[in-house]
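Read the structure below first, then the notes.
The sequence lines fix the lettering, A, B, ..., with proteins before strands; numbering per chain opens at 1.
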Amino acid sequence: MKNKLITMQEAVAQYTWDGMTFAHGGALPVGSDCIAFFREMVRQGVKNVNLISNCNTQGSNLLAAAGGVARMEVGFSGLEVYGFANGLKRAVESGKTILEDYSNGGIPNRLFGGAMGWPFVPTFVSWGSDQAWASADEPDTYPNDKKIPAIKDPFTGVTMGAMKSLNPEVACIHVTMADIYGNCIMLGTEWSRFELSRAAKKVVIQADYIVDTDCMRQFPNLVRIPDLVVDAVVYWPMGVWPACSTGVYDSDEEHMFYMNKLLKTEEGTVEYIDKYVKSYSTPEEFLDVIGKEKVDQLCKSATNFLVDPYRKWIKSDAEIKELMGGR
Amino acid sequence: MKNKLITMQEAVAQYTWDGMTFAHGGALPVGSDCIAFFREMVRQGVKNVNLISNCNTQGSNLLAAAGGVARMEVGFSGLEVYGFANGLKRAVESGKTILEDYSNGGIPNRLFGGAMGWPFVPTFVSWGSDQAWASADEPDTYPNDKKIPAIKDPFTGVTMGAMKSLNPEVACIHVTMADIYGNCIMLGTEWSRFELSRAAKKVVIQADYIVDTDCMRQFPNLVRIPDLVVDAVVYWPMGVWPACSTGVYDSDEEHMFYMNKLLKTEEGTVEYIDKYVKSYSTPEEFLDVIGKEKVDQLCKSATNFLVDPYRKWIKSDAEIKELMGGR
Amino acid sequence: MDYSKNEMMAIATGREFSDGELAIFGVGLSMLAGFFAQRNHAPNMIAFTEGGVYGSTPVGGLPWGIEDNRISANATSFTNAIDALGMLVASGRVDNAVIGAAQIDKFGNVNTTGIWTEGTQPWKVGKYTLPKVRLNGSGGANEIAVGAKKYIIMAAHEKKRFAEKVDYISSPGYINGGDDRKKYGFPGGGPSAIVTNLGILRPDPVTKEFYLDSYFVFSSVEEIIENTGWDLKVSPNVKMIPEPTEKELENLRAVDETGSLRKK
Amino acid sequence: MDYSKNEMMAIATGREFSDGELAIFGVGLSMLAGFFAQRNHAPNMIAFTEGGVYGSTPVGGLPWGIEDNRISANATSFTNAIDALGMLVASGRVDNAVIGAAQIDKFGNVNTTGIWTEGTQPWKVGKYTLPKVRLNGSGGANEIAVGAKKYIIMAAHEKKRFAEKVDYISSPGYINGGDDRKKYGFPGGGPSAIVTNLGILRPDPVTKEFYLDSYFVFSSVEEIIENTGWDLKVSPNVKMIPEPTEKELENLRAVDETGSLRKK
């Protein structure tokens with residue numbers, strides 16, 4: 001098995017392109033999405049992306065604010081208690097982003113179908129609602145019978161819906177720990193990351209920690225994403241900031257509000273990108289941008305004890321540099 | 001949450017009955033099935049059982065040999081390298097047990113569908129084969145178009161099969177560790193135990209170890225079966241014997257062959273039941289029946305290190321007795 | 001007694017939960033109402049979040065989201081969305097739940113997706129135009145609407161929110177009323193109550209149109225009718241909802257540590 | 001050189017694997033052939049078992065089953081059947097695999113379910129009677145047959161096993177030949193070879209009927225025809241399969257620690 005560690009710049013350069021279908025996260029708005037990967041997508045100016053989002057997060061909010069999202073299939077487009085996602089909301093209301101609505105359970109089911117090689121999944125979810133009848137992709141037909149067409153259960157005769165399975169071209173998935181081959185451990189709910197890692201054609205991992213493979217051999221039942229479905233691994237501390245990574249850091253409430261406020265306008269978005277996207281290139285510089293004091297504060301989480309069993313296998317920055325072979 | 005610890009005798013008395021639909025294991029033939037629970041079913045003389053078996057194991061082999069299995073839906077009816085399952089084979093060839101064939105992936109998919117509340121799951125598996133065309137339940141129709149009826153994918157027009165979902169009345173699932181509320185940790189592949197624990201209407205857990213709930217709070221990502229889907233917990237060491245429980249004991253090769261040899265005939269089955277089913281009533285007596293030397297030998301497994309992180313939370317027999325409240 | 005309208009609403013919602021139920025809560029008001037019920041009168045209620053977080057209670061304040069560390073610090077199990085929303089909720093297994101609504105109609109259909117300029121709603125013009133205001137989408141509320149044995153809708157009682165027909169059905173209630181849910185095969189039973197800051201509406205057993213069941217001491221039948229956008233029927237037995245007891249208030253405030261419900 | 005027929009068969013099977021392939025093996029002969037290939041010429045082959053056991057190699061001898069502790073002692077990941085058989089195999093993701101057969105027919109259909117008294121097979125009498133001999137069922141072989149990009153069938157070459165038509169199709173090959181797989185929408189490509197203790201058969205690119213491609217130094221075209229229950233076509237380029245090289249034998253025997261293949 002080969003060493004798959006690459007830099008964030010390399011990962012975005014190799015695994016993203018204009019017009020791609022990109023799935024992210026498999027996480028909730030305040031949960032473990034690959035926000036750092038999104039920042040780099042914005043920096044490299046990826047455009048016209050078809051997003052497969054379980055939920056919106058600050059990552060998709062940022063990319064949409066920057067005008068990079070052509071289309072998005074999503075279960076929840078807000079930021080939970082942080083309110084509406086202003087960047088995305090602006091893009092949708094102006095018609096820049098076409099938003100196709102599903103539900104929080106619907107997207108994981110569609111990814112499950114894609115992972116299984118099924119062309120569709122049967123569903124009662126979204127059925128009998130405007131999530132089935134209204135389609136932003138086919139706006140001129142209402143009620144629409146093609147987005148979630150009817151299918152008859154051959155055993156009971158009940159008519160239910162069929163949802164199209166999803167096989168995104170690329171997914172970036174945040175995990176707590178990965179080894180250099182791509183074996184991954186997630187702490188906290190895995191939300192839809194398991195099925196996403198199998199449904200996507202290419203998978204890039206963004207990890208809080210790089211750990212030795214011995215950690216995986218001690219806890220193989222925790223390795224829900226095995227190396228064989230992973231194409232690249234990026235080490236990026238605080239990669240979910242300003243949201244939280246269970247066990248590692250809490251969400252930055254102040255920055256969540258601040259970021260969302262700036263994304264409300266085009267000028268604010270430019271300002272945000274200058275300050276928090278273009279202002280660094282290495283993980284070390286990224287931590288400086290957040291600020292040492294803030295990082296230390298956020299990394300004191302009531303969930304820290306969850307990482308304790310694995311600490312002895314965590315690689316130091318110096319060890320990781322060596323594993324990166326001078327990249 | 002209530003203390004769900006009960007004895008094996010109570011579990012079988014409360015959760016099994018003649019004519020029931022019973023699912024077991026979600027395990028492979030040499031893997032973690034609830035063999036001890038099957039022994040008690042045989043002792044209590046449960047009859048006419050409709051088995052939902054992912055694979056046959058020594059448990060279903062024994063119950064079938066004893067004449068307790070009316071019908072079985074199964075993906076694999078053998079014992080892997082240990083050969084044919086003689087008790088089951090005899091019951092099938094004599095017409096005592098109706099065996100309805102699926103595949104090893106088909107049964108988990110059907111349990112998944114049952115857990116999801118879908119009436120069916122789409123399938124290419126079993127499709128275009130005699131697993132679809134031949135039905136032991138409806139022997140007079142061949143080719144059969146009702147066992148796995150055709151369904152058309154509304155997106156591509158491809159015709160595929162629909163498999164009926166499964167919601168067994170009761171499942172017994174073996175796990176490595178459980179707390180008294182039914183939170184469970186499995187070591188080794190979980191095979192189809194996750195979806196089985198959600199598809200079954202009642203779930204009884206058979207555990208190698210009882211651990212403190214603090215263990216679950218330290219490793220919540222390992223708790224793939226949470227308390228809320230569990231009805232009862234039975235503590236039963238060596239409960240998978242003569243097959244293996246990853247991390248705890250290896251399979252007893254000698255007894256695997258010996259047991260299977262006896263189950264080949266009715267007389268042998270009676271002998272086996274006398275010696276290895278009716279000869280004990282407590283876990284302690286059960287270990288005596290296996291023999292201390294043999295137990296010690298089997299419990300020296302190359303997989304033992306997998307249990308190390310959890311040892312400090314394992315309850316002693318004395319503590320468990322107290323938790324059982326004098327049962 | 002001194003309490004806020006929001007506290008009354010949370011307590012009235014909490015009273016809809018019975019001991020022993022399997023329940024799912026969202027963040028915010030819904031979680032407060034649920035944990036209040038558990039503390040007050042339903043100690044054996046089993047609650048989880050759609051994040052697949054089991055056995056936990058909030059630590060350090062109300063969570064900002066259902067995957068927030070504040071709800072993950074003392075969990076006994078973490079699984080995933082397919083498990084929590086699919087196997088436990090959409091499947092028909094959950095007994096009770098709470099969802100919110102930006103707009104709601106007389107058959108209990110909920111809109112959390114978008115507000116359209118009057119006359120441009122998809123169901124009126126037969127096509128999908130851009131909403132004037134994009135809301136957040138259904139999240140896991142659609143699963144609850146489809147699968148929960150019953151559930152409660154919480155909403156601020158205003159005329160523009162209580163519409164004859166919602167602009168967009170994000171989470172289906174009784175759709176066009178009567179038996180309409182049957183047509184869709186939903187495992188769940190539909191909404192059992194709409195609890196607002198003014199009172200409680202319940203569905204007619206046959207037509208499934210929501211009528212006024214009860215009001216608070218600080219509201220009235222007239223006020224509720226005025227603030228409802230459809231021709232609201234009133235139960236012949238319409239009654240006043242008992243004020244919070246001291247014990248209820250004490251338990252609610254123990255859950256609402258930061259006093260978020262007292263503010264208004 | 002001194003080697004057994006079973007060793008030749010395992011090596012011939014192993015040669016069908018290329019470096020870098022994602023492969024799934026069963027227990028026994030299949031696993032030996034696979035691990036031999038990995039050691040001998042396909043170091044970057046990624047292998048797993050249908051048990052959802054990843055990254056492991058056998059410890060303490062060949063496993064008795066795919067969930068045996070002997071294959072679980074040094075895994076990097078344990079998942080489940082839906083993942084291994086559904087998401088990786090049936091979905092069409094796996095490159096190559098090996099399955100066994102108790103009975104096989106000219107279109108590569110495999111029977112591992114039962115042997116019927118001649119004339120009572122379901123497809124002959126239009127009903128399902130009891131098999132004379134109950135076999136083990138398909139296990140995960142059906143998933144491989146449906147989903148693997150290609151796969152190899154290993155079988156003992158005997159006339160009664162190599163039938164015009166199998167009693168029961170447990171794992172579909174090319175069904176009735178030609179394009180027949182297309183009718184069923186299978187993601188996988190079908191069997192690429194039947195490797196026996198006498199030689200190798202391959203499917204005709206158009207008719208999908210298996211013809212004799214090659215034989216071993218210790219067998220012959222005639223012997224193979226005699227031991228085949230259908231009118232076996234022989235390739236105009238039929239050739240002898242090269243004997244094992246010293247390196248191949250060394251690598252096979254390193255994998256077959258207990259010498260199980262040498263015994264016969």
Side-chain angles (χ1 to χ4, degrees), chain A residues 27-32 54-55 74-82 84 88-89 92-93 95 99 101 103-106 108-109 112 124-131 133-136 138-142 158-160 187-195 244 246 250-251 253 256 301-303, chain C residues 27-28 50-53 59-60 62-70 72-74 78-82 84-86 89-90 109 111 113 122-123 125-143 145-147 168-172 175 180-181 183-187:
Chain A
L28 289 153
V30 185
S32 293
N54 202 137
C55 290
V74 72
F76 185 76
S77 61
L79 283 173
E80 296 183 275
V81 185
Y82 293 106
F84 294 123
L88 176 62
K89 189 168 185 288
V92 173
E93 290 171 359
L99 202 154
D101 274 286
S103 70
N104 274 2
N109 293 356
F112 183 88
F124 290 117
V125 165
S126 289
W127 189 229
S129 82
D130 277 307
Q131 288 176 34
W133 302 325
S135 167
E138 282 193 325
D140 291 338
T141 315
Y142 181 96
V158 165
T159 299
M160 56 194 304
L187 299 182
T189 167
E190 62 189 38
W191 195 243
S192 62
R193 290 180 279 177
F194 181 85
E195 47 278 5
C244 63
T246 303
D250 289 336
S251 60
E253 299 168 18
M256 285 291 285
S301 166
T303 63
Chain C
V27 280
E50 64 174 88
V53 176
V59 168
L62 263 190
W64 290 94
I66 45 174
E67 192 179 341
D68 189 355
N69 281 349
R70 285 184 176 172
S72 298
N74 60 9
F78 291 130
T79 64
N80 51 55
I82 285 186
L85 281 177
V89 180
N109 301 302
N111 175 16
T113 300
W123 64 272
V125 294
K127 62 180 179 175
Y128 184 89
T129 56
L130 285 181
K132 188 176 67 179
V133 180
R134 167 71 204 182
L135 304 172
N136 285 338
S138 83
N142 186 283
E143 277 75 14
V146 159
Y168 181 107
I169 300 180
S170 312
S171 301
I175 313 175
D180 216 24
R181 282 179 70 93
K183 221 161 74 186
Y184 300 95
F186 296 149

- Query: Looking only at heavy atoms, which two atoms of A:A134 and C:Y128 are closest? And how far apart?
  - Reply: CB-CD1, 3.5 Å
- Message: Heavy-atom pairs under 4.5 Å with chain A: which of C:D180, C:I82, C:V27 has the most?
- Response: C:I82
- Message: If I measure from the heavy atoms of chain A, does C:P187 come under 4.5 Å with its side chain, its backbone, both, or neither?
- Response: side chain
- Which bit of A:V125 comes within less than 4.5 Å of chain C, counting heavy atoms only: side chain, backbone, both or neither? both
- Message: Need one label for A:T141: side chain, backbone, both or neither, based on atoms under 4.5 Å from any heavy atom in chain C.
- Response: backbone
- Task: Give a yes or no on whether the backbone of C:G51 and the side-chain of A:T189 come within a donor-acceptor separation of less than 3.5 Å.
- Result: yes
- Side-chain donor or acceptor of C:R70 paired with backbone N/O of C:G60 under 3.5 Å: yes
- Option in A:A136, A:G106, A:A302 with maximal non-hydrogen atom pairs under 4.5 Å from chain C: A:A136
- Task: State, with a plain yes or no, whether a side-chain heavy atom of C:I169 is found less than 4.5 Å away from one of C:W123.
- Result: no
- Under 4.5 Å from any heavy atom of chain C - which part of A:S32: both
- Query: In terms of heavy-atom pairs under 4.5 Å, which option from C:P122, C:P172, C:G137, C:G86 contacts chain A the most?
  - Reply: C:P122
- Message: Parallel, tilted or perpendicular: which one describes the rings of A:F124 and C:F186, with boundaries at 30° and 60°?
- Response: perpendicular
- Which region of C:L135, side chain (C-beta onward) or backbone (N, CA, C, O), has a non-hydrogen atom less than 4.5 Å from a non-hydrogen atom of chain A, or is it both or neither? both
- Query: Any idea which of C:E50, C:R181, C:R134, C:K183 has the most non-hydrogen atom pairs under 4.5 angstrom with chain A?
  - Reply: C:R134
- Message: Between C:G139, C:G28, C:A90, who has the most heavy-atom pairs with chain A when the cutoff is under 4.5 Å?
- Response: C:G139
- Return the option, out of A:E195, A:E138, A:K89, A:Q131, with the maximum number of heavy-atom pairs under 4.5 Å with chain C. A:Q131
- Task: For A:E80 and A:V30, indicate whether the former's side chain and the latter's backbone hold a donor-acceptor pair under 3.5 Å.
- Result: yes
- Message: Return the CG to OG distance between C:N136 and C:S170, rounded to the nearest 0.5 Å.
- Response: 10.0 Å
- Message: Looking at chain A, which one of C:A73, C:G65, C:A81 has the largest number of heavy-atom pairs inside 4.5 Å, strictly under?
- Response: C:A81
- Query: Quick one: do the A:S192 and A:N54 side chains pair a donor with an acceptor below 3.5 Å?
  - Reply: yes
- Report the option among A:L79, A:D101, A:D140, A:D250 that has the most heavy-atom pairs separated by less than 4.5 Å from atoms of chain C. A:D101
- Query: Between A:N104 and A:G75, which heavy-atom pair has the shortest distance, and what is it?
  - Reply: OD1-C, 3.4 Å
- Item | Part of C:T113 within contact of chain A (heavy atom distance under 4.5 Å) | side chain
- Would a 4.5 Å heavy-atom cut-off, applied to side chains only, mark A:W127 and A:T159 as touching? yes
- Message: Less than 4.5 Å to any heavy atom of chain A: does that hold for the side chain of C:L85, its backbone, both, or neither?
- Response: side chain
- Which bit of A:P108 comes within less than 4.5 Å of chain C, counting heavy atoms only: side chain, backbone, both or neither? both
- Query: Is any side-chain heavy atom of C:V133 less than 4.5 Å from a side-chain heavy atom of A:E93?
  - Reply: yes
- Mind ranking A:V92, A:N109, A:V158, A:L187 by heavy-atom pairs under 4.5 Å with chain C and telling me who comes out on top? A:V92
- Query: Counting only N and O atoms by type, is there a donor-acceptor contact under 3.5 Å from the side chain of A:S251 to the main-chain atoms of A:E253?
  - Reply: no
- Query: With only heavy atoms counted, which part of C:V89 is less than 4.5 Å from chain A, the side chain, the backbone, both or neither?
  - Reply: neither
- Query: Among A:F112, A:F76, A:W133, A:F194, which residue forms the greatest number of heavy-atom pairs with chain C at distances under 4.5 Å?
  - Reply: A:F76
